[in-house]
Each structure stands twice: as C-alpha cells, then as structure tokens.
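Here's the structure we're looking at; comments come further down.
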Number of protein chains: 2
Amino acid sequence: MAASAEPVPALSPLDRAAALDASDPLRAFRDQFVIADPGLVYVDGNSLGRLPKATVERLSRVVEAEWGGELIRAWDHWLDEPARVGDLIAPLIGAAPSQVIVSDSTTVNFYKLAVAALDARPGRRAVITDRDNFPTDRYVLEGLARARDLVIDWLEPDPIDGPTTDAVAAALARHDGDVALVTLTHVNYRSAAIADMAAITQLAHDAGALVLWDLSHSAGAVNVALDEADVDLAVGCTYKFLCGGPGAPAYLYVAGALQDELRNPIQGWFGQRDQFAMAQGYDPAPGIVQWLAGTPGIIALAAVEEGVRLVAEAGIDRIRAKGIALTTFAIELVDTELAPLGFSVGSPRDPAARGAHVAIRHPDAKRLTAALIDGGVVPDFREPDSIRFGMSPLTTTFTEIARGVEQLARLAG
Amino acid sequence: MAASAEPVPALSPLDRAAALDASDPLRAFRDQFVIADPGLVYVDGNSLGRLPKATVERLSRVVEAEWGGELIRAWDHWLDEPARVGDLIAPLIGAAPSQVIVSDSTTVNFYKLAVAALDARPGRRAVITDRDNFPTDRYVLEGLARARDLVIDWLEPDPIDGPTTDAVAAALARHDGDVALVTLTHVNYRSAAIADMAAITQLAHDAGALVLWDLSHSAGAVNVALDEADVDLAVGCTYKFLCGGPGAPAYLYVAGALQDELRNPIQGWFGQRDQFAMAQGYDPAPGIVQWLAGTPGIIALAAVEEGVRLVAEAGIDRIRAKGIALTTFAIELVDTELAPLGFSVGSPRDPAARGAHVAIRHPDAKRLTAALIDGGVVPDFREPDSIRFGMSPLTTTFTEIARGVEQLARLAG
C-alpha cells in the first residue's frame with residue numbers, strides 16, 4: 001500500500017501549540033502569576049506585564065506591615081531600595097553592580113541622562129536618533145533641542161529593520177566632531193528590530209559622542225550587554241517584561257566611570273550626600289545614588305522587586321530562547337494563516353534581529369485590534385497599521401498565540 | 001473655711017488631653033486609619049501620614065482586579081487618574097478645577113515649574129528664595145543657577161518666623177527688574193512658620209516675576225488660597241498630611257492663564273496631545289495635562305486618591321482648627337513641662353502664623369529623638385536642634401502629645 005508514502009497530515013496550529021507548551025521549560029512560571037481569566041488571550045505583556053502572585057503578598061506586607069505598622073521608621077530599610085532593586089536589574093542588562101538605580105519614569109530618566117550627556121559635551125550641537133524611536137524619547141529630545149539650540153539628525157529607518165549601523169555612521173560623518181549624543185531604542189517598540197548596540201556605541205565613541213540606549217522593550221526579553229558594549233548611559237521601564245506593575249518606576253544606568261564626571265540636572269535631596277544633614281549647598285552623593293531626584297515611590301518599588309526577581313529566577317538565556325520560539329511560531333502562523341487574508345509580518349524574520357514581540361500588519365489593523373479585544377484577545381495597535389502581539393516569555397503560551405491568530409483570521413476572513 | 005478660695009488643682013496634661021480628645025469633632029476620623037500599635041505615640045504624620053483603611057482595600061482592588069484582571073484594558077480609566085486626583089486636591093489648596101495634576105515627585109515637579117518660569121522670563125537672571133527652604137528646593141535651584149548662570153538671592157530668615165514679606169521686597173529691590181522667580185515654601189518644614197503667600201505673590205508680580213510655592217507642609221493642614229492669592233505655580237507632596245503613602249506621587253499647580261503660555265521642559269508622551277497617535281513632533285496637550293511627563297504610577301495614585309478623599313471629607317476648616325488646637329496644646333506643654341529642662345519652642349507662637357507641627361528645640365535634640373523613638377514615641381529630628389512634633393489633625397490625639405512630652409521630660413530630666 002502507498003499509505004506510508006502519503007504526507008502525514010499537518011498538525012493544526014492549536015495542536016502544535018499544545019505540544020510546544022507541553023515541552024516549554026519555563027511553563028511552570030506561568031503558575032507564579034495571577035491568571036484571573038484563563039480564557040483570555042493576553043498578548044500585551046510587552047505593554048503591561050502580568051501580576052506575579054508574590055507581588056500581591058509583598059504589596060500587602062509593604063502597605064499593612066511597613067507603612068501601616070512601622071510608619072516612618074520603615075525608611076531605615078526603604079532608603080536602600082532604589083539601589084538594591086537596581087542591583088537586581090543590573091545582571092539582566094549586562095551591568096556590574098552599582099550602575100543601575102530605580103527612579104522616576106523612563107521619560108524623566110531619559111531627560112536627566114540626555115541633559116547630563118549634552119552638558120558633558122559642551123560646544124557640540126548635534127544629536128542623532130531615529131524617526132521610529134519611541135515617542136517619549138523623541139519628544140524629550142525635541143524639547144532639549146529647542147531649549148539648547150541643538151540639531152537633531154533624524155534617521156529614517158526601515159519600518160521593519162530599524163536604524164542601521166551604516167546610517168548612524170553616515171550621520172556621525174555628516175556632523176563631524178559636532179555630535180554630542182547618539183540615542184536609540186535597543187528593541188524597536190513597533191517592529192521589535194534589535195539595533196546593534198555594540199557597533200553603534202563604538203562608532204559614537206570614535207566620534208567623541210556619548211550614547212544613551214532605551215531598553216524598555218529589551219530588559220527581561222533579550223540579552224543586553226551594557227558593560228561589554230561599553231555603553232555610557234541607558235534607561236528602561238519596568239512595567240513591561242519585568243512585570244513591575246502599571247506605571248512602575250523606571251531604571252537608569254550610568255557607567256561607573258561616568259557616574260561622578262556627569263551631573264544629574266535635577267539636583268534632588270535623594271541625590272545629596274548625607275541627605276538628612278539638610279545642609280546648605282548641593283553635594284552629589286557618590287556613585288549611582290546621585291542619579292536619584294525626589295522621594296522614591298516605595299510601594300511601587302516593592303512591586304518592581306518582585307517582578308524582577310521572577311525574571312532573574314527564570315534566567316535571561318531561557319527567557320530569550322522562549323521569546324525566539326514564541327515569535328518564530330507567531331511569524332509562521334502569520335505566513336500560513338494570515339498572509340492569504342492580506343496580513344504581513346512587520347518584524348524582522350531573523351530571530352537574532354528581533355525582540356519578543358511581532359508586528360502583524362494590515363490596512364485595517366486599528367479596527368481589527370478593537371474587535372480582537374472585544375472577543376477576549378488582547379494585543380495592541382500601533383500606528384499606522386500594526387497589530388502588536390507581545391510575548392512575555394514567563395506567561396505567554398503558544399496556545400494563546402494560536403488562538404489569537406485563529407481569531408484574527410476569523411475576523412478578517 | 002477658706003478652701004473655696006484656694007486654686008482648683010490644675011488638671012494634669014494627660015487629663016486635659018483626655019478631655020480635649022473627648023470633645024474633638026474630628027475624633028471619629030482616627031477610626032478610619034490603621035492603628036497597628038495603639039500604644040505608639042506617632043507625632044510624625046507630617047513626614048509620613050498614617051495608612052487609611054480604605055487604602056488597604058483600594059490597593060488590593062487596583063492590584064488584583066485592575067492590574068491582575070483587567071490588565072492593559074484598565075488604562076481606559078487609569079489615563080484620567082492624574083487629572084482626576086488633581087481635581088480632588090484642588091479645593092484643598094484653593095484652586096479651581098483643571099489646574100492641579102498628580103505627577104512625578106515634588107522635586108521633579110519643582111524642577112519642571114522652575115524651568116518653565118525661568119524660560120518665561122528670558123533675560124532675567126535672579127531668583128529669590130531662602131536658606132531655610134526645604135533642601136530639595138534649594139538643591140534644584142542651585143542646579144539651575146549653575147546651568148543657566150543665575151544669581152540666587154538667599155534670604156536669611158529668622159529660624160522661627162521664616163522669611164518676611166519685607167525681606168522679599170528688599171531682595172526684589174536689590175535686583176530691580178532682574179528677578180525671574182520668587183520661590184518659597186509656604187509652611188516651613190522645621191519651624192512651621194507660614195509665609196504671607198498673598199503679599200509676597202503680589203510683590204513678585206509687581207516686579208514682573210513669577211512665583212512658585214511649595215505646599216508640602218501646607219496641603220491638608222492649613223488653608224491655602226492659590227487662586228485668590230493669584231499664585232502662578234505651586235507644587236506639593238502627598239505623603240504627609242494627605243496620607244498618600246511612602247514616596248507617593250506629588251502634585252503641581254499651574255494657574256489656568258499660564259498653562260498654555262508656559263512650557264513643560266520635560267516633554268513626555270503623557271503631556272502630548274493625542275498621545276497614542278505617537279506622531280512626529282511634540283504638540284503639548286491643552287491645559288494641565290501638558291505638565292505630565294512619563295507614565296504615571298497607577299498603584300500609588302490610587303493610594304493618593306483615598307488619602308485625599310478623607311481629608312476632603314473632614315474639610316480643611318475643621319482640620320485647620322484642630323491643627324491649631326493641637327499645636328497650641330503642644331506649645332503650652334513645652335512651656336510648662338519642658339522649658340524648665342532646657343527646651344524651647346522653635347515655632348511661631350501666633351497660631352495664625354504656624355502650620356500643623358511644632359519644633360521643640362534642645363541642644364541634645366538628636367540623641368533625645370533617638371531615645372524617644374526607642375521608647376515608642378516617634379517624632380523626627382531636624383538639624384541642628386529641633387525635635388519636630390507633627391500633628392496630623394485626622395489621626396493625632398491630644399493624648400499622644402501629652403504622652404510624648406511626658407516621655408521627653410523623663411528622658412531629659
């Protein structure tokens with residue numbers, strides 16, 4: 001009989017997903033998160049990571065036992081929290097200790113570090129960034145350009161592949177000796193393209209410029225090697241892959257060698273040496289502590305610590321491997337299930353060049369996203385035409401992706 | 001018999017306190033707070049206000065139902081939260097709606113508004129403040145003076161009575177036509193002296209300068225009339241009398257007429273018109289929303305809302321009356337019980353010139369504060385020689401003050 005020569009019937013996407021979930025080495029981590037509605041397909045963990053169960057307990061302790069019970073006396077241990085949580089984040093982004101601190105929002109941290117960098121390169125008037133950089137980074141830079149009479153050289157990157165190293169080199173050459181700062185997002189918020197951090201940093205340094213990287217879509221999703229790449233400055237948010245909670249405080253990185261050379265423009269009392277002397281004259285605290293500004297939000301910091309702890313426990317290599325598996329699976333399904341319906345992949349196909357989310361492009365993406373959400377599939381929409389499926393390696397299942405794609409096919413079919 | 005002509009034996013401080021507590025019209029409010037250790041004398045509510053019971057419930061809802069359950073979809077209602085809570089704070093500080101927003105820390109808000117004011121007075125190089133202003137305000141100003149080549153005219157106020165209106169007038173005259181900004185704290189953090197907001201604002205305006213008031217020790221403790229005093233700009237913290245929790249986000253006020261004329265120097269995506277268009281080019285949102293920067297901390301904001309709600313429910317007039325009663329009682333006890341032991345009152349004796357805390361001065365104040373805390377009486381120490389008894393009118397009892405003073409007398413006796 002010829003039966004054995006016939007092709008094995010292909011497994012359905014849902015069957016393949018189930019098999020992938022069953023063999024997922026990180027699958028136990030999902031149980032450490034609150035899954036309020038097991039039927040929900042949540043592919044937006046890159047906008048707001050899920051709630052760790054440990055965070056529920058920790059917050060109740062911080063609120064009731066510490067705030068409620070210890071009251072002001074809890075500041076004895078709260079004071080160290082920004083640096084302590086910073087040191088937990090550091091290994092996730094390839095930083096040795098004492099170079100990362102949790103503070104303010106990504107926007108405010110970006111502002112502080114950008115100003116510090118510009119101040120450290122007096123006389124230089126150019127800043128290099130790209131048009132697809134995250135809006136808040138672009139807006140902050142525009143404000144600084146206006147205030148300081150700077151020129152921003154806006155790279156016009158490929159919408160899928162992001163800014164190239166060659167484009168940065170060309171821009172540096174255009175402003176020979178005049179570039180103070182090169183600042184880019186490491187993993188693009190829409191396409192997930194990964195910029196070549198080491199090469200771009202090297203080029204910037206060769207031109208005498210400083211670099212400032214935004215790691216918001218990187219930390220907890222992909223490998224980052226700040227120290228190895230000789231990065232000067234970086235910022236990032238904690239409410240995405242680090243699962244720190246809505247609007248959780250952000251972090252900043254200042255390379256050890258620059259911590260005392262550069263100045264925090266927002267000279268707050270939490271950056272002051274011997275803060276409670278309340279003395280005359282600002283005297284910056286040594287090291288990374290200078291980069292704090294006002295009183296840190298303690299409840300939110302505790303939540304960040306719990307999220308970061310889970311990411312650290314899983315390990316960034318395993319997280320990265322699962323992120324690649326999830327996004328690869330998503331792209332395969334876009335090709336097989338959605339491409340015939342007018343969708344296309346808006347993210348790099350090379351897994352090494354792609355973070356942990358996938359943009360699925362469609363002319364009617366905005367309406368389709370709203371319809372998906374109504375039906376219990378939660379991605380997000382990004383202008384002009386992307387439905388963004390974010391894969392949070394600790395919580396997203398292959399089954400969620402298969403169900404999300406299935407639903408999208410149904411809506412567009 | 002002459003017995004009837006003899007003086008009635010004076011009631012002990014504790015008996016007087018008990019009587020005052022019994023007739024306190026706000027006494028029921030204490031039951032709305034978590035009192036973990038009823039034996040603790042907590043006179044530091046002006047550093048960290050107590051935990052409202054409603055906050056415990058609210059935070060559990062925000063964390064578990066909203067973050068855990070609604071996930072990213074909760075942003076539909078979270079987005080309005082900074083302005084909504086701002087509008088709850090507004091009447092407590094004499095501001096009409098749409099002029100207050102909750103955002104960042106006091107330090108960052110102070111920086112944003114100070115820069116905006118300086119930018120609005122180009123060419124003017126002088127800033128007036130005082131040496132006893134809260135450290136973070138002083139440090140921020142020093143940073144700005146350094147960056148922008150400004151002159152700070154440091155008033156040297158009386159350590160008890162704070163900066164006088166005359167001193168401000170003299171400083172304005174010294175820098176005739178060159179003052180960009182007058183910035184002071186309304187209630188001094190150490191002595192509780194109240195500055196004359198209306199008169200100083202008027203003087204500054206007459207000289208063409210803008211004013212920026214720090215209300216950190218005012219809001220929720222004393223009457224503030226920003227609109228009536230024609231104030232331009234103000235900031236304040238929410239973790240003191242507003243009971244918003246440790247490091248809770250602060251608020252800022254920008255007078256309606258200035259909201260679109262002035263520019264937020266930290267141009268973040270939460271201050272952008274049509275934020276999720278993520279378009280090219282910063283275009284400030286109309287009104288108070290421009291003054292946001294990055295993503296607001298939602299959990300902390302919810303806590304602020306609950307604290308503010310309680311203050312609003314009690315009403316600022318009743319709060320002020322109790323604050324005067326508490327501080328008056330404390331001063332009486334310092335005079336009768338502590339003055340013979342070498343203590344003196346470090347706060348204005350005129351209740352109209354005093355906020356809701358009392359500085360008790362003693363050469364050995366630092367050691368005594370530590371000993372008090374070890375014995376379950378929690379004030380704080382402020383350099384160089386003040387033990388600060390903070391009265392949080394919603395939670396501090398007269399009995400706590402009497403017990404605190406009694407303990408202090410015992411330690412120093």
Side-chain angles (χ1 to χ4, degrees), chain A residues 34 36-37 42 44 47-48 50-51 55-56 59-60 63-64 67-69 71-74 78 104-108 111 131 135-136 139-140 142-143 147 237 239 245-250 265-269 272 277-278 280-282 293-300 303 373 378 380 382-383, chain B residues 34 36-37 42 44 47-48 50-51 55-56 59-60 63-64 67-69 71-74 78 104-108 111 131 135-136 139-140 142-143 147 237 239 245-250 265-269 272 277-278 280-282 293-300 303 373 378 380 382-383:
Chain A
V34 171
D37 171 7
Y42 190 61
D44 207 10
S47 265
L48 177 62
R50 281 186 180 273
L51 167 64
T55 303
V56 177
L59 289 186
S60 133
V63 172
E64 295 181 66
W67 174 11
L71 287 157
I72 195 72
R73 297 166 294 182
W78 287 341
D104 300 308
S105 64
T106 308
T107 301
V108 169
Y111 177 91
R131 286 276 177 213
T136 214
Y139 301 154
V140 167
E142 287 173 10
C237 97
Y239 51 75
I266 306 181
Q267 298 187 167
W269 71 317
Q272 166 81 346
M278 298 192 168
Q280 296 303 317
Y282 180 73
T295 311
I298 294 302
I299 299 173
I373 294 173
V378 181
D380 56 26
R382 282 296 174 255
E383 293 283 357
Chain B
V34 171
D37 171 7
Y42 189 60
D44 208 8
S47 263
L48 176 62
R50 282 186 180 274
L51 167 64
T55 304
V56 177
L59 289 185
S60 134
V63 171
E64 296 182 65
W67 175 10
L71 287 157
I72 195 72
R73 297 166 293 182
W78 288 341
D104 299 308
S105 63
T106 308
T107 301
V108 169
Y111 177 91
R131 286 276 177 214
T136 214
Y139 302 154
V140 167
E142 287 173 12
C237 98
Y239 51 74
I266 306 181
Q267 298 187 167
W269 71 319
Q272 167 81 346
M278 299 193 167
Q280 297 302 318
Y282 179 72
T295 311
I298 294 302
I299 298 173
I373 294 173
V378 181
D380 57 25
R382 283 295 174 259
E383 293 282 359

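These values consider heavy atoms only, across backbone and side chains, with no hydrogens, waters or symmetry-generated copies. Protein chains get the first letters and strands the later ones, always in sequence-line order, with residue 1 at the start of each.
- Summarising the geometry of B:Ala250 relative to B:Cys237, their closest heavy-atom pair is CB-CA, 4.3 Å, with the distance given to 0.1 Å.
- With chain B as partner, the option from A:Leu71, A:Asp44, A:Val56 having the largest number of non-hydrogen pairs under 4.5 angstrom is A:Leu71.
- Contact count versus chain B (heavy atoms, under 4.5 Å) is highest, among A:Pro246, A:Ala293, A:Pro135, for A:Pro246.
- If you take OH on B:Tyr282 and CD on A:Glu142, they are separated by 10.0 Å, rounding to the nearest 0.5 Å.
- Distance alone, capped at 3.5 Å, places no donor-acceptor pair between the A:Glu383 side chain and the B:Ala277 backbone.
- Interatomic distance, CH2 of B:Trp67 versus OH of A:Tyr239, reported as 13.0 Å (0.5 Å rounding).
- Of all the listed residues (B:Ile72, B:Ile298, B:Leu48, B:Asp37), the one sharing the greatest number of non-hydrogen pairs under 4.5 Å with chain A is B:Ile72.
- Within the 4.5 angstrom heavy-atom criterion, only side-chain atoms of B:Asp104, from C-beta onward, approach chain A.
- Of the listed residues (B:Ala74, B:Gly294, B:Ala300), the greatest number of heavy-atom pairs within a distance under 4.5 Å of chain A belongs to B:Gly294.
- Interface remark: A:Thr136 contributes backbone and side-chain atoms alike to the contact with chain B (heavy atom separation under 4.5 Å).
- With hydrogens and angles disregarded, a donor-acceptor distance shorter than 3.5 Å links the side chain of B:Gln272 to the backbone of B:Gly281.
- Using a 4.5 Å cut-off between heavy atoms, B:Pro296 contacts chain A through its backbone alone, with no side-chain atom that close.
- Put simply, of B:Leu59, B:Val63, B:Thr55, the one with the most heavy-atom pairs under 4.5 Å next to chain A is B:Val63.
- For the set A:Val34, A:Thr106, A:Val378, A:Ile373, the count of heavy-atom pairs under 4.5 angstrom toward chain B peaks at A:Val378.
- With a threshold of 4.5 angstrom between heavy atoms, B:Ala147 does not approach chain A through any atom at all.
- If you tally non-hydrogen atom pairs under 4.5 Å between each of B:Glu64, B:Arg50, B:Met278 and chain A, the highest count goes to B:Met278.
- By the salt bridge (charged side-chain N to carboxylate O under 4.0 Å, His left out) test, B:Arg73 is found to be paired with no residue, residues two or more places apart in sequence or in another chain being considered.
- The backbone N or O of A:Arg131 sits less than 3.5 Å from a side-chain atom of B:Gln280, completing a donor-acceptor pair.
- With rounding to the nearest 0.5 angstrom, the CH2 atom of B:Trp269 is 5.0 Å from the OG1 atom of B:Thr295.
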